[in-house]
Protein chains: 2
Amino acid sequence: MMGEDKFDTSPEWVDGETKALEAPGDHRAELRLWLRLLTCSTLVESEIRRRLREEFDSTLPRFDLMAQLERAPDGMVLGEVSKRMMVSPGNITVLVERLTESGHISRTTLPTDRRVQVIALTPFGRAEFEKMAATHADWISELFAGVSPQDSSVLMDELAKLKRSIIAALARNS
Amino acid sequence: MMGEDKFDTSPEWVDGETKALEAPGDHRAELRLWLRLLTCSTLVESEIRRRLREEFDSTLPRFDLMAQLERAPDGMVLGEVSKRMMVSPGNITVLVERLTESGHISRTTLPTDRRVQVIALTPFGRAEFEKMAATHADWISELFAGVSPQDSSVLMDELAKLKRSIIAALARNS
DNA sequence: CCAAACAATTTTAAGCTTGAAATTTCTCCC
DNA sequence: GGGAGAAATTTCAAGCTTAAAATTGTTTGG
């Protein structure tokens, strides 16, 4: 899905008022937008992964899981973690195993329903996470440094619209 | 890295002219922006992956590799494919094996430099890709349907700024 | 010429990810 | 009470991804 430059040499089809003149099924503009979005997110994501590994010997999924738990001092049910992280339940199982082994999180079976596993940050895990989170925020800030507060605000709004569009489309299709 | 909603209940820190009053090291705005961007791209990406699997029994990496080759009628060197797709070289090796087995691409060792492998779409691979690409474009169009051409244009510009910011930061750090 | 450096690719080991099937536990209704 | 079905989680098989080491081939300076 990479390779935004794939389209960089095609003619600009954007003239603002010829929408009606576009060939039917011409989706160049949306494709270009999607590829640019994907490029941005891939660049940031792979840099963050690299730094987490180098500076903390950790990974993005582990960081994300701990980030979820930080907001839930009383712990969280596995299924809830899975939904919030938008990953499959089987995925969580493996992550939780490793993070439990390394002492970052604790897991408890709910006494009232023995199907349910609750996980929470240990004090050690919380301390480690706080260090990572502060550095992580600095990294993002550094990568986004060239975007002015005004642009940032516009981007937030426009991405909100895009998010609504995506969610609406997904809802229609189900 | 998921969980944009993680911040949805925090107070809005954005008032447009109090940047100077923010606590030092306060990167909430950038983090929120990054999480929103990531949410959008994850939603689209996982939907596209799902559909590629269901409708074409294919995967995103395979589609991307073929998309690169479509633009190179004379084929492309493996290293070039790896760079364009922004994935590691070892990754390409595996993808190329599968796509060669399934008859979608051909591979040739360059006679003048036997280290170099050139891959290209076969006629079958090209035909298959064209079907997939047309449908893929429709999917993206559908997911982005709620974004007006004006918004789309603004997003393109703002994402271009963000992309420059990221690339500049990466360049500084190397 | 030829050894050292370099380049392209593959291999390896480890981890992430998914969907589907299996397992365990609970709930609810007859 | 007991069994059907639902819910939470785990297991499984397959594929993707990476960094680092290894392999193979080429170039180049002495």
Side-chain angles (χ1 to χ4, degrees), chain A residues 1-2 41-43 45-66 75-102 104-105 107-119, chain B residues 1-2 41-43 45-66 75-102 104-105 107-119:
Chain A
M1 191 53 69
M2 276 298 95
S41 102
T42 302
L43 285 172
E45 212 176 317
S46 56
E47 181 68 7
I48 297 296
R49 282 180 198 278
R50 196 178 64 70
R51 293 189 186 184
L52 280 176
R53 181 173 38 75
E54 291 189 352
E55 311 264 324
F56 296 105
D57 192 27
S58 188
T59 68
L60 201 40
R62 286 175 212 202
F63 179 77
D64 289 345
L65 179 35
M66 290 195 279
M76 201 180 275
V77 173
L78 288 196
E80 178 68 14
V81 177
S82 163
K83 267 179 225 140
R84 293 215 193 210
M85 290 179 68
M86 301 197 229
V87 299
S88 65
N91 204 331
I92 300 296
T93 299
V94 182
L95 278 175
V96 166
E97 271 168 20
R98 317 267 180 189
L99 283 169
T100 304
E101 281 166 21
S102 61
H104 289 88
I105 68 176
R107 85 191 297 169
T108 323
T109 300
L110 203 67
T112 57
D113 185 340
R114 298 203 312 271
R115 291 171 304 182
V116 178
Q117 306 278 320
V118 177
I119 57 178
Chain B
M1 190 52 67
M2 277 294 96
S41 103
T42 302
L43 285 171
E45 212 176 317
S46 56
E47 181 68 7
I48 297 297
R49 282 180 198 277
R50 196 179 64 71
R51 293 189 186 185
L52 280 176
R53 181 172 39 73
E54 291 188 353
E55 311 265 324
F56 296 106
D57 192 28
S58 188
T59 68
L60 200 42
R62 285 175 213 201
F63 179 78
D64 289 344
L65 178 36
M66 290 196 280
M76 200 181 274
V77 172
L78 290 197
E80 178 67 14
V81 176
S82 163
K83 266 179 227 143
R84 294 215 192 210
M85 290 179 69
M86 301 196 229
V87 300
S88 65
N91 205 331
I92 300 296
T93 299
V94 182
L95 278 174
V96 166
E97 271 167 21
R98 318 267 180 189
L99 283 169
T100 305
E101 281 167 21
S102 62
H104 289 88
I105 68 176
R107 84 191 298 169
T108 324
T109 300
L110 203 67
T112 56
D113 185 340
R114 299 205 311 273
R115 291 170 306 182
V116 178
Q117 306 278 321
V118 177
I119 58 179

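Here the structure is a predicted model, which is why all the values come from computation and not from measurement. Each chain gets a letter, A, B and so on, in the order its sequence line appears, and its residues count up from 1.
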Worksheet entry | Contact letters for nucleotides 16-29 of chain D, in which S counts primed atoms plus P, OP1 and OP2 and B counts the base, heavy atoms under 4.0 Å | SSBS-----BS---

Worksheet, complete the sentence: Rounded to the nearest 0.5 Å, the CZ atom of Arg62(A) sits from the CG atom of Asp57(A) at a distance of 8.0 Å

Worksheet item: Less than 4.5 Å apart, any side-chain heavy atom of Pro61(B) and any of Arg49(B)?
Response: yes

Discussion item. Nearest 0.5 Å, please: how far is CD1 in Ile105(A) from CE in Met66(A)?
Written reply: 9.0 Å

Discussion item. Students should find this one: the first and last nucleotides of DNA chain C, 5' to 3', lying under 4.0 Å from a heavy atom of chain A. What are they?
Written reply: dG15(C) to dC26(C)

Fill in: Leu99(B), Leu95(B), Thr108(B), Leu65(B) screened by side chain to side chain contact (heavy atoms under 4.5 Å, CB included) with Ile119(B), the one that passes
Leu65(B)

Worksheet item: side-chain contact (heavy atoms from CB on, under 4.5 Å) with Ser88(A): which residues, sequence neighbours excluded?
Response: Asn91(A)

Worksheet item: If you measure from OG on Ser58(A) to NE2 on His104(A), what distance do you get to the nearest 0.5 Å?
Response: 7.0 Å

Worksheet item: With no hydrogens and no angle check, is any side-chain donor or acceptor of Thr100(A) less than 3.5 Å from a backbone partner on Val96(A)?
Response: yes

Practice prompt. Could you tell me which residues satisfy side-chain contact (heavy atoms from CB on, under 4.5 Å) with Thr109(A), sequence neighbours excluded, listed by chain and number?
Written response: Arg114(A), Gln117(A)

Item to complete: Rounding to 10 degrees, work out the angle separating the end axes of the helix from dC1(C)-dG30(D) to dC30(C)-dG1(D) (five pairs an end).
Response: 10°

Worksheet item: Is there a donor-acceptor pair closer than 3.5 Å between any side-chain N or O of Ser82(A) and the backbone N or O of Leu78(A)?
Response: no

Discussion item. Checking Arg50(A) now: which residues fulfil side-chain contact (heavy atoms from CB on, under 4.5 Å) with it, not counting sequence neighbours?
Written reply: Glu47(A), Arg53(A), Glu54(A)

